[in-house]
Amino acid sequence: MDFWATSWANLQQTFGVKFLLSPVYLGATVLIVWAVWLYRGKPEGFLRFMLPRELYVHPSTLVDIKVGLFNTLFTATGAISVLLVTPYVTIAVLQQLGGELAGDGGVWHGVLAAALLFLTQDFCRYWNHYLHHETKVLWPFHAVHHSAEVMTPITFLRAHPMYSALQALMISALVGIVQALILWALIGQIQPWAIYAGTIAFNTYVFFGAHLRHSHIWVSYGRVMEHILISPAQHQIHHSSNPIHHDKNYGEVFAIWDWMFGTLYVPDGYEALDYGLADGEGNKIPQKHPTLKDAMIGPFIEVWEEITKGTSLAKVEERS
């Protein structure tokens, strides 16, 4: 158990934010942007195309940076990592059900299990995202991310630490339990490495352009593939203040969950998008988080107000 716990900690260290900010990952993103720039016929200078000054000096981006730095300091305390207990939950539930971890199940046996776990993890990410959008007591923490008025890769770091903590806790519990049930019902025995293969698979996927999900660069996979995988363009649409885009594209990797549950939006072509919070009719809501203090403290005040009003489980009215 200690060996696998150590392996999990190493994976989190390797494939966490440090991985997303690594030179290799950033270099891959630059190459993708370069390919898009060439495909579009070099519409302007490459650096201007990749890094428009007006986006990176925007007040919203400055808040992104401050929130990102705050989160870096906060996560350094280990307050989030202690909640990432998915393997422990999986192993505990699996043992209670009479299943076992075994090292002799065969490679294809492990590959099948890893594929099932990857799908399970993404399914749980979809529902975690859905609940944070649809429940008033959770939305204020996630609204910090959606209040960004321009999109840059730095917006990825614009997340309230409570949202990150709730997400880690919900994902760990949901994925851990569901993983154990699937393994017990369909596999029975499973090689320990298969439990961690999902993390590697997920980060292999995000390696190919995930930074562009929060950016001004439109990259679509086409109508067919966007029924299967969430493209950067579809996630940008998820951030749109346009009412036709509200409650759409909650998926992380796979679009099949959105397709199944009626939340999929597949664009016919390029769409000009406006970002930030808006009401159900698309009227923009004034920026709620113009400072780091507002971004960190404001959501707690909103949640308390929703709890005292007794509407914390009601449907969210504002959107992005």
Side-chain angles (χ1 to χ4, degrees), residues 28-44 49-52 54-55 58 60-61 64 122-123 125-130 132-134 139 142-143 145-156 158 202 205-285 316 318-320:
T29 302
V30 171
L31 286 176
I32 293 171
V33 175
W34 181 74
V36 173
W37 177 69
L38 289 178
Y39 177 78
R40 296 183 182 173
K42 303 180 182 179
E44 55 188 323
F49 178 79
M50 183 173 64
L51 302 170
E54 64 272 16
L55 297 185
H58 194 283
S60 179
T61 302
D64 292 352
D122 199 62
F123 182 73
R125 288 190 187 98
Y126 169 88
W127 281 107
N128 173 72
H129 197 177
Y130 177 92
H132 274 87
H133 272 263
E134 298 291 338
W139 168 248
H142 190 43
H145 181 62
H146 277 271
S147 66
E149 296 168 306
V150 297
M151 294 275 276
T152 75
I154 304 171
T155 307
F156 163 76
R158 185 188 180 112
F202 172 74
Y205 173 81
V206 302
F207 185 84
F208 295 99
H211 271 329
L212 301 181
R213 293 160 65 93
H214 300 98
S215 78
H216 63 289
I217 298 175
W218 178 274
V219 175
S220 172
Y221 297 159
R223 289 194 61 83
V224 174
M225 284 303 298
E226 287 182 341
H227 282 79
I228 302 171
L229 298 174
I230 293 291
S231 70
Q234 283 174 292
H235 191 74
Q236 291 165 11
I237 284 171
H238 173 71
H239 277 263
S240 170
S241 60
N242 189 327
I244 67 172
H245 299 146
H246 291 178
D247 309 318
K248 303 298 182 183
N249 299 345
Y250 291 124
E252 188 79 26
V253 175
F254 294 105
I256 54 177
W257 318 124
D258 285 291
W259 195 7
M260 288 172 60
F261 298 107
T263 55
L264 182 66
Y265 183 96
V266 178
D268 291 323
Y270 172 77
E271 296 187 23
L273 303 176
D274 190 24
Y275 303 116
L277 300 178
D279 63 22
E281 296 180 352
N283 300 310
K284 296 297 288 291
I285 295 173
V316 176
E318 66 182 20
R319 281 291 187 271
S320 160

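In this structure the side chain of Arg213 never reaches within 4.5 angstrom of the side chain of Met151, judged on heavy atoms. You'll find the side chain of Val253 stays beyond 4.5 Å of the side chain of Ile230, heavy atoms only. Counting heavy atoms from C-beta on, the side chains of Arg125 and Asp122 come closer than 4.5 Å. Using a 4.5 Å cut-off on side-chain heavy atoms (C-beta onward), Arg158 and Ile154 make no contact. With a 4.5 Å cut-off on side-chain heavy atoms, His146 and Leu277 count as touching. Side-chain contact between Asp268 and Arg223 is present, with heavy atoms from C-beta onward closer than 4.5 Å. In this structure the side chain of Trp34 reaches within 4.5 angstrom of the side chain of Trp37, judged on heavy atoms. A 4.5 Å side-chain heavy-atom check between Ile237 and Pro267 finds at least one atom pair inside the cut-off.
Between His133 and Trp139, the distance separating the two ring centers is shorter than 6.0 angstrom. Here His238 and His235 bring their ring centres to under 6.0 angstrom of each other. His145 and His214 have their aromatic ring centers within a separation under 6.0 angstrom.
In this structure, CZ in Phe254 is found 9.5 Å from CD1 in Ile228, a value given to the nearest 0.5 Å. His227 NE2 to Ile256 CD1: the interatomic distance, rounded to the nearest 0.5 Å, is 12.5 Å.
Scanning both residues, Asn242 and His246, for their nearest heavy atoms gives O-CD2, 3.2 Å. Nearest heavy atoms, Pro243 versus Gly280: CB-O, 3.7 Å. The two residues Ser60 and Ala148 have their closest heavy-atom pair at OG-CA, 3.4 Å. Looking at every heavy atom in both residues, Ser215 comes nearest to Gln236 through O-NE2, 3.3 Å. Between Asn249 and Gln234 the shortest heavy-atom distance is ND2-O, 3.0 Å.
None of Tyr250, Tyr265, Tyr275 except one satisfies the ring pair (Phe, Tyr, Trp, His ring centres under 6.0 Å) rule with His245; the exception is Tyr265.
Proximity of a side-chain donor or acceptor of His239 to a complementary backbone N or O of Glu149 within less than 3.5 Å is not detected.
With sequence neighbours left out, Arg40 forms a salt bridge (Lys or Arg N to Asp or Glu O under 4.0 Å) with no residue at all.
There is no side-chain donor-acceptor pair under 3.5 Å between Thr263 and Asp247.
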